[in-house]
Amino acid sequence: MSARRRQRARRADLAPAVPSACPPPLTDAERAEVQAFAARQASRPRPPRFKAAKKADGSEAVSPADDSGSALFVARVARTVGASEEAAAEWLMGQAALATESAALADKCNTAMALLAGIGPRDEAEGMLAVQMVAAHNLALSMARRALKTDRVDFLATYSNLSAKLMNVYTRQLEALARLRGQTGQQTVRVEHVTVQAGGQAVVGNVAPRGRGDDEQG
C-alpha cells in the first residue's frame, strides 16, 4: 500500500461515525405506556437469567447470567418453579426449557423461566402444572402453524383437531390452577341501594322460598 493510501486509511479511521437518525420524541401517552410496562416488571419477581456456556467435552451448557452467586441463583430458580428442593427445581426447569422452541439452550431456559415466573407456582404441584401449561400452549400453536402451512385437507383436519384439543387442555389446566388457589369462580352479589315504598318492608338476610301451602297455613 502506498503512503498516500495509508494516509487516506488513517483519515477514514479517525473520521467520526455518522450519527444515526434520532427517534422521534415520545408523546405523553407513549411515555405512560413505557412507565406502565416498567412498573409491571418491577412488581413481578425477577426470574433467573442464563447465558451460554460449554462443558468440558464441548457440549452446550448454561450458567448464571449475573453475579448473584450460586446460592441466590438456585433460590431464584426454585422460587420460579415452585420447588423447595434443588433437584426438583432443576428437573422442572429442564422440562419447561425443553417445551419451548428456542434454538439455543440459554434462550430455552430464559423463555421457560420468564413464563413460569408469570404463572407464579407456589409449590411442586403447581410447578408441574405450570410446566404442563407451557408445553400444552407451545404444542397447540405448533399444530396450528402446521395446519396453516399444509395444502392437504386431511392434514389440515388432523392438525386443526389436535390444536383445538390442546387448547382445550390448556383451558382445563388454567381451571385446575384456579381451583388449587381457591379461585373457584364463586359469585358474590352486593346490594348497593334498596328502595322501600310506603307501607313496605325491607328484609335483610336469607329468604327461603315459600311453598304452595305456606299461605294457607299462615
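These numbers come from the heavy atoms of this one structure, side chains and all, not from hydrogens, waters or symmetry mates. Residue numbers count from 1 along this sequence.
Between the CE atom of Met113 and the CZ atom of Arg49 there is a distance of 11.5 Å, given to the nearest 0.5 Å. Here the straight-line distance linking atom CD1 of Ile119 with atom CG of Leu177 works out to 7.5 Å at 0.5 Å rounding.
Nearest heavy atom pair, residue Ala89 against residue Ala83, reads N-CB, 3.7 Å. Nearest heavy atoms, Leu139 versus Leu166: CG-CD1, 3.5 Å. Nearest heavy atoms, Ser102 versus Thr111: OG-OG1, 3.5 Å. The two residues Ala136 and Val169 come nearest to each other via the heavy atoms CB-CG1, 4.4 Å. Nearest heavy-atom pair, Ala96 versus Leu116, reported as atom, atom and distance to 0.1 Å: CB-CD1, 3.8 Å. The nearest pair of heavy atoms linking Ala106 to Ala52 is CB-N, 3.7 Å.
For residues 134-145, the set of pairs meeting the salt bridge (Lys or Arg N to Asp or Glu O under 4.0 Å) definition, not counting sequence neighbours, comprises Glu101-Arg145. The salt bridge (Lys or Arg N to Asp or Glu O under 4.0 Å) analysis of residues 73-93, with sequence neighbours excluded, yields the pairs Asp66-Arg76. Counting only residues at least two apart or on different chains, the salt bridge (Lys or Arg N to Asp or Glu O under 4.0 Å) pairs with a member in residues 113-131 are Arg122-Glu126, Glu126-Arg181. Sorted by first and then second residue, the pairs that involve residues 53-62 and meet side-chain hydrogen bond (donor to acceptor under 3.5 Å, both in side chains), not counting sequence neighbours, are Asp57-Ser59.
Put simply, the side chain of Asn168 never gets that close to the backbone of Ala164: no donor and acceptor are under 3.5 Å apart. With Thr158 contributing its side chain and Asp154 its backbone, the two residues share a donor-acceptor pair below 3.5 Å.
Val134 and Phe50 end up in the same hydrophobic cluster when Ile, Leu, Val, Met, Phe, Trp and Tyr side chains are linked at under 4.5 Å.
By the salt bridge (Lys or Arg N to Asp or Glu O under 4.0 Å) test, Arg40 pairs with no residue at all, sequence neighbours left out. Judged as a salt bridge (Lys or Arg N to Asp or Glu O under 4.0 Å), and not counting sequence neighbours, the contacts of Asp28 are Arg31.
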